Amino acid sequence: MMKKAVMQFTACCLAAGIAASSFSMAALADNTSMTLAGLSEKNTIVVNTTLAGLSETDAVVVVKGTTSAAESADDSSESTADTTETSADADAAASETSADAVEAVSETSAEETAATETVETETETETETEPVYDTSMSGETAFGQCDNYINVRSEASADSEVVGKIYNNNSVTILGQLGDWYEIQSGNVTGYVNAAYIATGEEADVIAEETAYNVATVNAEGLWVHSEASEDSDTIAMVYYSDQMEVVAYEGDWMKVVLEDGTYGYVNAWYVNYDSYYSTGETLEEEQERLDEEWLEYLAEQEAAAAAEAAAAEAAAAEAAAAEAAATTTTTTTETTTSSSTSLDDAQAAVDAAYQTYLDAQEAADEATHQADEQLVYDTYDAAVAAYQDYLDAVNAKNEIKYGSSATETTTSTTETTTTETATTEAATETTTTEAAQTEAAQTETAATEAATEATTTTTTTTSSSSSSTGQSIANYAVQFVGNPYVYGGTSLTNGADCSGFTQSVFAHFGISISRTAASQASGGTAVSLSDIQAGDLLFYSNGGGISHVALYIGGGQVVHASTSSTGIIISSYNYRTPVCARRYWS
């Protein structure tokens, strides 16, 4: 606009008769050179200078030479007209260009705004659907809560791969949280578990208090174990650097501990390190190894139990034979003996058939452990347990026949006593021969000798049975729960119990109150020598660091106990592990 005004001003001056002289007239032009009307190209030069109000990009045209006022006016008018027309055209073009530019800018702004809104919407959607990994609980100890087990998965999804298992009251260390899933580590297994099955906070603190296995590790070269929580009390043992003991109570400056042999005492807390341990989960590989070991152990237990049952049955047979021989003084007695012998044969056949069924079921259960179907393992195991119980029932039925026939025994004369002794000797010899064929000669010979001794003693030797009737009743009551599940921390005889929960509930049925844990049960009652144990006594086992398991002795070299989560409540040989002590609560 300023260029246009200057050019109009110049034209007016020319029209007013102002003659161009030898001095120069200035007109504005663009950066390119231009020639005014009536002037030759050689009369124009471009001077790079800046006038007030003009930008540096504008150029000044200097006109040299002299012309008349009229020509200057005509030329100036023509030039002015051209300039005006050119300026108008330029303004119009500029207006169109500006309008187009505004429209283009508007369209671009709208597109950018829409794109921005789309990105913001997508960002909001992603924020809503993708949970944030939260580490605020990292390092916190928590515990699994379930009826059986919790799957540990490779990712925070129920569709991801199972990499391990957490059982009830197993401890876990929380690494982080992703939505409804905790990332945890428990033992050697690391992965994700559903947060709904994990106890945290105050609930976890209560579980920790109940399930902790507390250990004192000696940090002195030598440390006395006292009978009481006092330096003035008697010393009962010496422990050494790095020895570990289970802690059953923490009393001020003293800890009550259990030594490896089951002895209880006190150590000064200043000379030990105190640690609490909790059970942890396992990887699938560790689970399979454990199941294999437990199954082999179970098979060994069953074989030992079967051998013991066979020995007991043969001993009972020898005793029954002695009783039958004593009753042969009359024809009636002979006929009764013959009938009893026939019944015994039938009973023995039933025992043999039940035992074969048990062996078949046991073989099927063994085969199931090599399959991928975990439920099949439990089903075949239950079938094997049921078959074993049928076998025991058949043995008991046969023994009832034997003992029933001996109830008619009357040994009132010297002659009958002599006959009894002779028959007993014959029965012992016959039994020894039979057992030799079954590679059980040593066991049967001993049993037969004992049976012969019992047959020739007076009735005064049987008085001890009344004193142990309570213990036998406890044992008989306990065995009816064989096959029921093992549940860590449980006390239910039908729905699940652990080893000490099982014994506590059995004794409670007879109105006998005992403490809750195996270690504390080992310190109650009356101490019994392992060579003098009777049915109803409790046997205790050690894991090398203290009392770790308890079982109920049922006689015949056997115990009933809540063994493991995979075997449940079973009958085992009392020395399947070496017992360290025994206690009696029923006398």
Side-chain angles (χ1 to χ4, degrees), residues 133-158 160 162-216 246-250 274-287 290-291 374 485-492 495-502 504-505 515-520 543 545-549 562-566 568:
Y133 188 84
D134 183 6
T135 59
S136 60
M137 298 178 66
S138 179
E140 182 174 328
T141 299
F143 293 87
Q145 295 292 278
C146 60
D147 293 331
N148 196 353
Y149 60 84
I150 308 166
N151 283 325
V152 182
R153 299 185 179 274
S154 60
E155 299 178 7
S157 168
S160 61
V162 176
V163 296
K165 292 180 179 179
I166 300 296
Y167 299 92
N168 190 50
N169 284 342
N170 278 173
S171 67
V172 303
T173 300
I174 296 177
L175 305 178
Q177 183 172 5
L178 190 61
D180 295 332
W181 296 79
Y182 286 133
E183 184 179 15
I184 59 90
Q185 180 175 1
S186 181
N188 292 322
V189 60
T190 300
Y192 290 86
V193 294
N194 193 311
Y197 301 105
I198 302 297
T200 61
E202 294 182 357
E203 183 180 0
D205 293 340
V206 173
I207 298 173
E209 184 70 23
E210 295 175 350
T211 62
Y213 180 73
N214 301 314
V215 175
E246 180 183 0
V247 178
V248 296
Y250 200 157
Y274 181 84
D275 298 291
S276 296
Y277 298 94
Y278 308 95
S279 60
T280 59
E282 57 188 0
T283 64
L284 294 186
E285 293 76 14
E286 290 173 334
E287 179 193 38
R290 175 178 57 80
L291 290 176
E374 184 176 349
Y486 174 99
V487 174
Y488 183 80
T491 58
S492 172
N495 296 327
D498 58 19
C499 64
S500 56
F502 172 69
Q504 183 187 50
S505 296
S515 55
R516 176 63 183 83
T517 65
S520 56
N543 61 359
I547 302 299
S548 61
H549 191 66
S563 180
T564 65
S565 58
S566 61

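Here, residue 1 is the first one in the sequence, and each next residue gets the next number. These figures come from a predicted structure and were not determined experimentally.
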Check: Can you name the residues that form a side-chain contact (heavy atoms from CB on, under 4.5 Å) with Val206, not counting sequence neighbours?
Finding: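 In terms of side-chain contact (heavy atoms from CB on, under 4.5 Å), with neighbours along the sequence ignored, Val206 is linked to Glu210.
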Would you check if the side chain of [X] reaches a backbone N or O of [Y] as a donor-acceptor pair within less than 3.5 Å?
{"X": "Asn168", "Y": "Cys146", "value": "yes"}
{"X": "Ser160", "Y": "Glu155", "value": "yes"}
{"X": "Ser138", "Y": "Gly176", "value": "no"}

Any idea which heavy atoms bring [X] and [Y] closest together, and the distance?
{"X": "Ala212", "Y": "Ser276", "result": "CB-CB, 4.3 Å"}
{"X": "Gln145", "Y": "Ala199", "result": "CG-CB, 3.8 Å"}
{"X": "Arg516", "Y": "Thr491", "result": "NE-CG2, 3.6 Å"}
{"X": "Ala158", "Y": "Trp181", "result": "N-CZ2, 3.5 Å"}
{"X": "Ser520", "Y": "Thr517", "result": "OG-OG1, 2.7 Å"}
{"X": "Ile150", "Y": "Gly144", "result": "CD1-CA, 3.9 Å"}

Just verifying a value: how many Å separate [X] [atom1] and [Y] [atom2], rounded to the nearest 0.5 Å?
{"X": "Gln177", "Y": "Glu140", "atom1": "CD", "atom2": "CD", "value": "10.5 Å"}
{"X": "Asn169", "Y": "Thr280", "atom1": "CG", "atom2": "OG1", "value": "13.0 Å"}
{"X": "Glu183", "Y": "Thr173", "atom1": "CD", "atom2": "OG1", "value": "12.0 Å"}
{"X": "Tyr213", "Y": "Ser279", "atom1": "OH", "atom2": "OG", "value": "13.0 Å"}
{"X": "Ile207", "Y": "Thr141", "atom1": "CD1", "atom2": "OG1", "value": "12.0 Å"}
{"X": "Ile184", "Y": "Ser171", "atom1": "CD1", "atom2": "OG", "value": "9.5 Å"}

Show your working on side-chain contact (heavy atoms from CB on, under 4.5 Å) between Leu175 and Tyr133 and close with a plain yes or no. CA-CA 10 Å; Leu175 305 178; Tyr133 188 84; 4.1 Å; yes
| request: Quick one: which residue pairs count as a side-chain hydrogen bond (donor to acceptor under 3.5 Å, both in side chains) with a foot in residues 186-203, not counting sequence neighbours? | output: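 Found Asn188-Glu286.
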I'd like to check [X] versus [Y] (side-chain heavy atoms, cut-off strictly below 4.5 Å). Are they in contact?
{"X": "Val172", "Y": "Ile166", "answer": "yes"}
{"X": "Glu287", "Y": "Tyr167", "answer": "yes"}
{"X": "Lys165", "Y": "Asn151", "answer": "yes"}
{"X": "Val152", "Y": "Val162", "answer": "no"}

Q. Less than 6.0 Å separating the ring centroids of Phe143 and Tyr278?
A.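 Judged by ring-centre distance (under 6.0 Å), Phe143 and Tyr278 do meet the cut-off.
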With distance as the sole criterion, is a donor-acceptor pair present between the side chains of Tyr274 and Asn214 under 3.5 Å?
->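 Yes, Asn214 and Tyr274 have a side-chain donor paired with an acceptor closer than 3.5 Å.
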Distance alone, cut at 3.5 Å: any donor-acceptor contact between the side chains of Asn170 and Glu282?
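No, no side-chain donor-acceptor contact under 3.5 Å.
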